[in-house]
Amino acid sequence: MNKENRGGAQVDSQTGLLALIGDPVGHSKSPDMMNRALKSHGLPYVYLAFQVAPERLKEAVNGFRALGVKGWNVTIPHKVAIMEHLDEIDESALAIGAVNTVVCEEGKWVGYNTDGPGYLRSLKEEWDLPFSKLKAVILGAGGAARAVGYALATAGVPEISVANRTVEKAEALANHLASFTQTRAVSLKEGKDVIEKADLVINTTSVGMHPDRDATPVPTEWLHEGQYVSDLIYHPRETALLKGAKQQGAKVHEGLGMLVYQAAIAFEKWTGVPAPVSLMKQVLADSLKED
């Protein structure tokens, strides 16, 4: 069969493997999205998700190496642990302290982080923001917060506050980002003042995720007209935080765009061809409707 007709659907002896590893991975929409993208270009790969327990991570990486896998995505809980099993780490991934994409380049496993660039692409697609004049507040201090914080700082945002339930974690992230921009740390409960003064508020926590759809990481009364409010959660697409922000007059940004663009960047690193972003968005949106 012609190679151009195989991608993402027909599997034969010439089909290459791309993958996702995490624990768990059963909820992931990435295989739907990636395989449709591969098929649209007729690329000879199939994308599969593998549940890998933390204690089996090294074995999984060695197995991928032996099988000649082209690359893979990494999700929770492996984004940090994976780094010790790779040959090289991209500079931005080192700065973030986490890897979500691995690419085989000239026989070496190279780790990248596409979360931050993916977030910026999705943000710029909707809004033309004056990054050099923004005051930003990041809700949460986990891996996603690190990626978003680094992306915003290197894009020129001059002031970033980190608000987290555990202040010590907020301080750790603020101190890390202080190498790139001005930062401060506060607790979520005491974040009212910095949030009210912010131009851009980004939720990187899981608060408001399906099935706990009614929860918000902070009271929406703290938000107001003239602000930009962004939520990395994509299921539901419009979280309680975004609904409340709209009611307060703020502009809102859904998490689906970041998910698509971080995947698109990984797709382009693996294949060398432009990702079909519109198709990927539609596939993801359709799959979420089915849940």
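All figures in this text were calculated on a predicted structure; none of them were measured in a lab.
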Trainee: Take the angle between the ring planes of H253 and Y119 and call it parallel below 30°, perpendicular above 60°, tilted in between.
Mentor: perpendicular
Trainee: How close do G140 and V162 get, counting heavy atoms only, and between which atoms?
Mentor: O-CG1, 3.5 Å
Trainee: Quick one: which residue pairs count as a ring-ring contact (aromatic ring centres under 6.0 Å, His included) with a foot in residues 73-108, not counting sequence neighbours?
Mentor: none
Trainee: Is the closest basic N to carboxylate O distance between K246 and E238 below 4.0 Å?
Mentor: yes
Trainee: For the pair F64 and W72, name the ring-plane relationship: parallel under 30°, tilted 30 to 60°, perpendicular over 60°.
Mentor: tilted
Trainee: Would you say V218 and V207 are hydrophobically clustered, going by side-chain heavy atoms of ILVMFWY under 4.5 Å?
Mentor: no
Trainee: Tell me which one of T204, L256, N203, T205 satisfies side-chain contact (heavy atoms from CB on, under 4.5 Å) with L232.
Mentor: T204
Trainee: Spell out, as yes or no, whether a donor-acceptor pair under 3.5 Å connects the side chain of H176 to the backbone of A95.
Mentor: yes
Trainee: Applying the 4.5 Å side-chain criterion to the ILVMFWY set and letting contacts propagate, would V52 and I76 be lumped into a single cluster?
Mentor: no
Trainee: Might you work through the side chain to side chain contact (heavy atoms under 4.5 Å, CB included) test for F267 and L43, ending with a clear yes or no?
Mentor: CA-CA 11 Å; F267 179 95; L43 295 170; 3.7 Å; yes
Trainee: Calculate, to the nearest 0.5 Å, the distance between atoms CG and CD1 belonging to L200 and I138 respectively.
Mentor: 8.5 Å
Trainee: Quick one: does T75's side chain have a donor or acceptor within less than 3.5 Å of a partner on G22's backbone?
Mentor: no
Trainee: Minimum heavy-atom separation for C104 to V69, with atom names?
Mentor: CB-O, 4.0 Å
Trainee: Do side-chain atoms of N113 reach the backbone of A98 as a donor and acceptor pair under 3.5 angstrom?
Mentor: yes
Trainee: Calculate, to the nearest 0.5 Å, the distance between atoms OG1 and CD belonging to T114 and E268 respectively.
Mentor: 10.5 Å
Trainee: So, do P77 and D23 sit near enough that their side-chain heavy atoms are less than 4.5 Å apart?
Mentor: yes
Trainee: Kindly compute the distance separating CG (L284) from CE (M34), expressed to the nearest 0.5 Å.
Mentor: 11.0 Å
Trainee: Indicate the ring-plane relationship of Y47 and W270, choosing parallel, tilted or perpendicular according to the 30° and 60° boundaries.
Mentor: tilted
Trainee: Restricting to non-hydrogen atoms, name the atom on A215 and the atom on A240 that form the minimum distance, rounded to 0.1 Å.
Mentor: O-CB, 3.7 Å
Trainee: Applying salt bridge (Lys or Arg N to Asp or Glu O under 4.0 Å) to K281 and E125, what does each step give before you reach the verdict?
Mentor: CA-CA 13 Å; K281 281 185 181 178; E125 181 181 57; 2.5 Å; yes
Trainee: Per the side chain to side chain donor-acceptor pair (under 3.5 Å) rule, which among N73, N100, D115 passes with K79?
Mentor: D115
Trainee: Could you state the interatomic distance from CG (D199) to CG (L129), rounded to the nearest 0.5 Å?
Mentor: 9.0 Å
Trainee: Using a 4.5 Å cut-off on heavy atoms from C-beta on, say whether the side chain of L57 contacts that of I21.
Mentor: yes
Trainee: Where the side chain of Q262 meets the backbone of L259, is there a donor-acceptor pair that is under 3.5 Å apart?
Mentor: yes
Trainee: For E91, does the CD atom have more than 12 heavy-atom neighbours from other residues, nucleotides or ligands under 6.0 Å away?
Mentor: no
Trainee: Report yes or no: do D231 and T239 form a side-chain donor-acceptor pair below 3.5 Å?
Mentor: yes
Trainee: Report yes or no: do D286 and Q282 form a side-chain donor-acceptor pair below 3.5 Å?
Mentor: yes
Trainee: Is it the case that one hydrophobic cluster holds both L20 and L288, taking links as side-chain heavy atoms less than 4.5 Å apart, direct or via other members?
Mentor: yes
Trainee: Do E221 and Q247 come close enough that some side-chain heavy atom pair is under 4.5 Å?
Mentor: no
Trainee: Any side-chain to backbone donor/acceptor pair from D87 onto W109? Under 3.5 Å, distance only.
Mentor: yes
Trainee: Looking only at atom types and distance, does a side-chain atom of T271 sit under 3.5 Å from a main-chain N or O of V273, one as donor and one as acceptor?
Mentor: yes
Trainee: State, yes or no, whether a side-chain contact exists between F50 and V25 at a heavy-atom distance under 4.5 Å.
Mentor: no
Trainee: List the atom of G149, the atom of L177, and the distance in Å for their closest heavy-atom pair.
Mentor: C-CD2, 3.7 Å
Trainee: Does R36 come within less than 4.0 Å of D32, counting only side-chain N to carboxylate O?
Mentor: no
Trainee: Answer yes if V148 and V80 sit in the same cluster of Ile, Leu, Val, Met, Phe, Trp and Tyr residues linked by side chain heavy atoms under 4.5 Å apart, and no otherwise.
Mentor: no
Trainee: Rounded to the nearest 0.5 Å, how far does CE of M258 lie from CG of L123?
Mentor: 11.0 Å
Trainee: Quick one: closest heavy-atom pair of H41 and P274, and the distance?
Mentor: NE2-O, 2.7 Å
Trainee: Would you say that more than 12 heavy atoms from the other residues, nucleotides or ligands in this model lie under 6.0 Å from the CZ of R65, or not?
Mentor: yes
Trainee: Drop me the distance from M33's CE to L38's CG, to the nearest 0.5 angstrom.
Mentor: 11.0 Å
Trainee: When you measure from the side chain of T183 to the backbone of I160, do you find a donor-acceptor pair of N or O atoms at a distance under 3.5 Å?
Mentor: no
Trainee: Check the surroundings of atom CG in L94: do more than 12 heavy atoms from other residues, nucleotides or ligands lie under 6.0 Å from it?
Mentor: yes
Trainee: Can you name the nearest heavy-atom pair linking R213 to P236, along with the distance?
Mentor: NH1-CB, 3.0 Å
Trainee: Please check this pair: side chain of Q227 against backbone of H224, looking for a donor-acceptor N/O pair closer than 3.5 Å.
Mentor: yes
Trainee: Is the positively charged end of K269 above the ring of Y112, judged by distance under 6.0 angstrom from the centroid and angle within 45° of the axis?
Mentor: yes
Trainee: Measuring only between side-chain heavy atoms, which start at C-beta, is V277 closer than 4.5 Å to R121?
Mentor: no
Trainee: Please tell me whether L134 and I202 are part of a single hydrophobic cluster in this structure, the criterion being side-chain heavy atoms less than 4.5 Å apart.
Mentor: yes
Trainee: Do V110 and L86 come close enough that some side-chain heavy atom pair is under 4.5 Å?
Mentor: no
